Protein chains: 2
Amino acid sequence: MENPLKSRFETDEILAAQAYLAAEPPADIDPRIERLVNDLIGRIADKWTLLVLELLEEKGTQRFTQIARQVDGISQKMLTQTLRQMERDGLATRTVHPVVPPHVDYALTPLGNSLSAAFCGVWIWAEKHLDTVEQARHRFDTRA
Amino acid sequence: MENPLKSRFETDEILAAQAYLAAEPPADIDPRIERLVNDLIGRIADKWTLLVLELLEEKGTQRFTQIARQVDGISQKMLTQTLRQMERDGLATRTVHPVVPPHVDYALTPLGNSLSAAFCGVWIWAEKHLDTVEQARHRFDTRA
DNA sequence: CAGCATCCAGACAGATACTG
DNA sequence: CAGTATCTGTCTGGATGCTG
């Protein structure tokens, strides 16, 4: 990865987070909150939402077919579903222009932008440790 | 949430990430990398992995049944599966003590710790915006 | 205790056809 | 163009019963 994200965040975010975690004593989190948060993460962290989020963040406002073309492998059904959920969760806006043929624009809300930002850390982690994980898997598979 | 995570990261991580994203011009990411990263995220970001990761990070080394008791709602099948995947991905270690009855310990590897750290941003986001999302959903549902 | 094997209902996701 | 509707196979995950 020649991506500048890495160097930028390696010192800021990840190290800060690690320092935080190292300092944090084992403390129970309210299980109700935990359940809700986990549920929320489950919905936003699926395959397609992540990619669409990323795309809208990078490219800004996009039409339905523009997104469909750029998100590789997504079916129109899943795209519709994903966009609806993102709209429902307040992550994206859907703007219908009453013309023929129809023209619908999608864009991230500030909430969507902040989520995209929050996922940076994971994105960077995945890029950084991709090879390590692949190797670990290979070792595990050949050993067993 | 009275969790200190919030105030800690609000200034560091999220704002830095937002600043970065705001400054970043629309640049294409290698789709192959994107696919791999997304695939990886898909595997690590599932419901149970996240909770087990969190638990092991907080509590350190734990036995099978200890984890089962604390991760609310997980079946033994899913726990086994989750732990195996985490082991395969190099996120956790599995230590079998050859005694009767069996005693198996699980603990995070440094890689697992770093992933847990990377997810901090998302975790914080979810805690912070839980209510906002709930409200957005309610608006969406009552409107439609 | 820590698990594996099996069965089964339900969710998920692709393909296809149709519409304002 | 941007969907909706439907049908269908696949995959997931829970419940149950059995072992070293």
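Just so we're on the same page: letters track the sequence lines, and every chain starts at 1. Given the structure is predicted, the values throughout are model-derived calculations rather than measurements.
The CG-P distance, from B:Leu79 to C:dC1, rounds to 14 Å in whole Å.
Scanning for side-chain hydrogen bond (donor to acceptor under 3.5 Å, both in side chains) contacts around B:Arg139 gives an empty result, with sequence neighbours left out. In this structure, B:Arg84 has no side-chain hydrogen bond (donor to acceptor under 3.5 Å, both in side chains) partners at least two apart in sequence or on a different chain.
Classification of the B:His103-B:His97 ring pair by plane angle, with boundaries at 30° and 60°, yields perpendicular. By the 30° and 60° cut-offs, the orientation of the rings of A:Phe119 relative to B:Phe119 is perpendicular.
For the side-chain hydrogen bond (donor to acceptor under 3.5 Å, both in side chains) with B:Ser116, the lone residue among B:Glu54, B:Glu57, B:Glu58 that qualifies is B:Glu57.
Of all heavy-atom pairs between B:His129 and A:Ser114, the closest is NE2-OG, 3.8 Å. Minimum heavy-atom separation, B:Thr61 to B:Ala107: OG1-CB, 3.5 Å.
On the nucleic acid side, DNA chain D has its first and last nucleotide under 4.0 Å of a heavy atom of chain B at D:dG13 to D:dG20, going 5' to 3'.
Looking at B:Gln81, its side chain never comes within 3.5 Å of a backbone N or O of B:Lys77 through a donor-acceptor pair.
To the nearest 0.5 Å, the span separating CG on B:Leu130 from CD on B:Gln135 amounts to 10.0 Å.
If you check the side chains of B:Gln70 and B:Lys59, you find a donor sitting under 3.5 Å from an acceptor.
With a cut-off of 3.5 Å on both pairing distances, the Watson-Crick and G-U wobble pairs of DNA chain D assemble into stems of 3 or more at C:1-20 with D:1-20.
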**Q.** Nucleotide-resolved protein contact map, nucleotides 14-20 of chain C, B/S/- at heavy-atom distance under 4.0 Å
**A.** BBBB--B
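Of the charged side-chain nitrogens involved, at least one lies within less than 4.0 Å of a carboxylate oxygen, so that A:Arg88 and B:Asp141 count as a salt-bridged pair.
DNA chain D is contacted by no residue of residues 81-95 of chain B, taking any non-hydrogen atom closer than 4.0 Å.
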(Q) Does A:Arg94 form a side chain to side chain contact (heavy atoms under 4.5 Å, CB included) with A:Tyr106? I'd like the steps, not just the answer. (A) CA-CA 5 Å; A:Arg94 177 172 180 270; A:Tyr106 293 93; 3.2 Å; yes
